[in-house]
Amino acid sequence: MHDTVIAWYSAHARDLPWRAPDRTPWGVLVSEVMLQQTPVVRVEPVWRSWMARWPEPASLAAEEPGAAIRAWGRLGYPRRALRLHGAARVIAERHAGKVPSSYEELLALPGIGDYTAAAVASFAFGQRRAVLDTNVRRVLARAVSGTQYPPNATTAAERRLAESLLPDTETAATWSVAVMELGALICTARKPRCDACPIAHQCAWRLAGAPPHDGPPRRGQAWEGTDRQARGRLMAVLREADHPVPKPALDAVWPAAAQRERALDGLVADGLVEPLDNNFYRLPGAR
DNA sequence: CACACGTGGCG
DNA sequence: TCGCCAAGTGT
């Protein structure tokens, strides 16, 4: 299975800048954070401008957090920008400006969880770490476990499986990115392209007749009328403003007063918004 | 462990 | 159309 998947990857991998030969650990780290819950097509242009402006951790660390939040644009989950800025400051101050290579030190950075720490250790530093993202989990669920979808939360069994399949250090990172790419391009969640899959003939799920998902239903993401939607509206106003924004300008984008105040308070508590005197607001430290 | 947390595109 | 989904993390 390994040689087949890696050969498929060699022929079909997308040409992404964070995979280029001249990539840096910082570029890999930035890409991984941006890619959390966000499609590649939306990340790529933002990654390019981000790396042009802040080519190393110290250059981002020298900025106010609001600059990072604004440059994040419409990628979503702007707390990721705040945490990436925080990670840059930790790297600048405690790691001499160099992205740490150990999984444990990466995991200690804000906004870096198990997946991202493993991905950076593996993709940027060539270490042998199981990289378990939604793509890998889905491919292994189908190809090996014979189920349409993986469990809702990552299980110890999934981790054991991924580790048991991990090849030696020389090829571990390539194997992980190849499986990930297979999940992203072929073994997709909704409409897998099994006719183009290099391991379709040995896929446990297909061999079992492609049985439908039977476990507990996947949790949907509520949106319309939620606090999240309100927060998004408020952040959009602040992101696009060149100067501090008066409160009425925020009130205008979310009429329900109680929910709006709760959302705004939450943004302030999260450090995404800075309240100023006279009922003005701005991105933290920004203009 | 379940939930909060943005945004936009596709089937 | 509208629910589902996208290289998760923190609490």
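Order of the sequence lines fixes the chain letters, A, B, ..., with proteins taken first and strands second; residue numbering starts at 1 for each chain. What's counted below: heavy atoms across the whole structure, side chains too, no hydrogens, waters or symmetry copies. Only a predicted model underlies this, so the values are computations on that prediction, with no experimental measurement involved.
To the nearest whole angstrom, the two P atoms, one in C:dC2 and one in B:dC5, are 24 Å apart. Separating the P atom of B:dG11 from that of C:dA7 is a span of 14 Å, rounded to the nearest Å. The gap from the P atom of B:dG6 to that of C:dT1 amounts to 26 Å, rounded to the nearest Å.
A 4.5 Å side-chain heavy-atom check between A:Leu106 and A:Val99 finds at least one atom pair inside the cut-off.
Residues from residues 16-25 of chain A that place a heavy atom under 4.0 Å from any atom of DNA chain C, listed by number: A:Leu16, A:Trp18, A:Arg19. Sorted by residue number, the members of residues 229-243 of chain A with any non-hydrogen atom under 4.0 Å from DNA chain B read A:Arg231, A:Gly232, A:Arg239. Contacts of residues 128-143 of chain A with DNA chain C (heavy atom under 4.0 Å): A:Asp133, A:Thr134, A:Asn135, A:Arg138.
Judged by atom type and distance alone, A:Thr38 reaches the base of B:dG6 through a side-chain donor-acceptor pair under 3.5 Å.
Within 4.0 Å of A:Gly76, counting heavy atoms only, lies at least one base atom of the nucleic acid. Counting non-hydrogen atoms under 4.0 angstrom, A:Asp270 reaches nothing in the nucleic acid. Within the nucleic acid shown, A:Asn152 has no heavy atom closer than 4.0 Å to any nucleic acid atom.
Between A:Arg89 and A:Ala61 the shortest heavy-atom distance is NE-O, 3.0 Å.
Side-chain N or O atoms of A:Arg138 include one that pairs as donor or acceptor with a backbone N or O of A:Cys187 at under 3.5 Å. Using modelled atom types, one side-chain atom of A:Tyr149 and one backbone atom of A:Ala189 make a donor-acceptor pair closer than 3.5 Å.
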All N/O contacts under 3.5 Å from nucleotides 9-11 of chain B to the protein, with atom names and distances to one decimal?
| unit_1 | atom_1 | unit_2 | atom_2 | d |
| --- | --- | --- | --- | --- |
| B:dG9 | N2 | A:Arg190 | NH2 | 3.1 |

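Protein chain A contacts DNA chain C from C:dG3 to C:dG10, reading 5' to 3' and using non-hydrogen atoms of the protein with a distance under 4.0 Å.
Note: CE (A:Met34) to C1' (B:dG6) measures 15 Å, nearest angstrom. Across the protein-nucleic acid pair, A:Trp72 atom CH2 and B:dT7 atom C1' stand 12 Å apart, rounded to whole Å. Remark: P of B:dA4 and CZ of A:Arg80 are 18 Å apart, rounded to the nearest angstrom.
Rounded to the nearest 0.5 angstrom, A:Trp254 CH2 and A:Gln259 CD are separated by 5.0 Å.
Membership of the apolar cluster around A:Val253 extends to A:Ile69, A:Leu82, A:Leu234, A:Met235, A:Val237, A:Leu238, A:Val245, A:Leu250, A:Leu264, A:Leu267, A:Val268, A:Leu272, A:Val273, A:Tyr281, A:Leu283, as traced through chained side-chain contacts below 4.5 Å between ILVMFWY residues.
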